[in-house]
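Taking it in order: structure first as structure tokens, then the write-up.
In each ligand, atom 1 is the first atom listed, and ligand 1 is the first ligand listed.
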Amino acid sequence: MKIVLIGIQGAGKSTQGNLLSKKLSIPYLSTGHIFRELAKEKTNLGRYVKEVMNAGYLIPDKKTVSIVEEYLKRPEYKNGYIMDGFPRTVAQAEFFNNGADKVIYLKVSDEEALKRLSFRNGDNGTREDETPSAIAKRIESFHKLTEPVLDYYRKKGSLIEIDGEKTIEEIHGKILKKLNIR
Ligand code: AMP
């Protein structure tokens, strides 16, 4: 099964993605993680990715799509995946065409996401790309660029909307129920 998780930063995508991955024995992958690894490389691409990420902008579609395409060729993803962070624009979704059987939207308000992120940073130390201005930019681009992706999948009939402001266990249970998994 190919599952995509969509939600604002702080919505709990990686928490729920990892729980689902364990439950379904399907690998989890996140484009944010892929880009953070790339940003560590002392190459032109690495430096470019780091700069764009730290400013809170999206990596251009063409680059993102070719990187994701390369990743998904790996044998571990042959039987499915839980994808976190892609697609984030309609252009990416169009490219991804048959890449998602089900799309789970974890719905959390901007206020709740900001509260969780400030708690997360206070807890673990700030991630380099989690400055207040980068977070604000990401929320803005979610509304502008990623919300249309929700409509795209809603029209296809593959969107599952989940209230992300419940406990981790409740949300996990609701996702399983909507996927018809016991
Ligand atoms: P995330 O951990 O999902 O919040 O991603 C961190 C950063 O990686 C984002 O702010 C973007 O700069 C970049 N990124 C992750 N996924 C994508 C994507 N699908 N398209 C463009 N940029 C992305």
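Evaluated by nearest non-hydrogen atom to atom 22 (N) of ligand 1, the leading choice among I8, I59, D61 is I59.
Under a 4.0 Å heavy-atom criterion, V52 is not in contact with ligand 1. Heavy atoms of R36 come nearer than 4.0 angstrom to ligand 1 in at least one pair.
Between the Q9 side chain and the I135 main chain, no donor and acceptor come within less than 3.5 Å of each other. A donor-acceptor contact shorter than 3.5 Å is absent between the side chain of T89 and the backbone of L145. Side chain of K40 to main chain of G46: no donor-acceptor pair is present (N/O by atom type, distance under 3.5 Å, no hydrogens or angles). When atom types are taken as modelled, the side chain of E170 and the backbone of T167 share a donor-acceptor pair closer than 3.5 angstrom.
For ligand 1, the atoms sitting less than 4.0 Å from at least one non-hydrogen atom of T64 are 18 (C), 19 (N), 20 (N), 21 (C), numbered in the order shown with element in parentheses. Listed by number with element, the atoms of ligand 1 under 4.0 Å from a non-hydrogen atom of G85 are 16 (N), 17 (C), 18 (C), 19 (N). Per-residue contacts place Q92 under 4.0 angstrom from the following atoms of ligand 1 (heavy atoms of the residue considered): 18 (C), 19 (N), 20 (N), 21 (C). When each atom of ligand 1 is checked for a heavy atom of F86 under 4.0 Å away, the hits are 19 (N).
A distance of 11.0 Å separates CG in D110 from CD in E140, rounded to the nearest 0.5 Å.
Under the 6.0 Å distance and 45° angle rule, K62 does not count as a cation-pi partner of F95.
Checking only distances, M53 never comes within under 3.5 Å of ligand 1, N or O to N or O. On a distance-only criterion, Y57 and ligand 1 share at least one N/O pair closer than 3.5 Å. For ligand 1, none of its N or O atoms has an N or O atom of D84 under 3.5 Å away.
Among I104, I82, I162, L106, the one residue that satisfies the side-chain contact (heavy atoms from CB on, under 4.5 Å) test with Q16 is L106.
If you look at R138 next to ligand 1, the close heavy atoms, those under 4.0 Å, all belong to the side chain.
Separation of the F96 and F86 ring centroids falls under the 6.0 Å cut-off.
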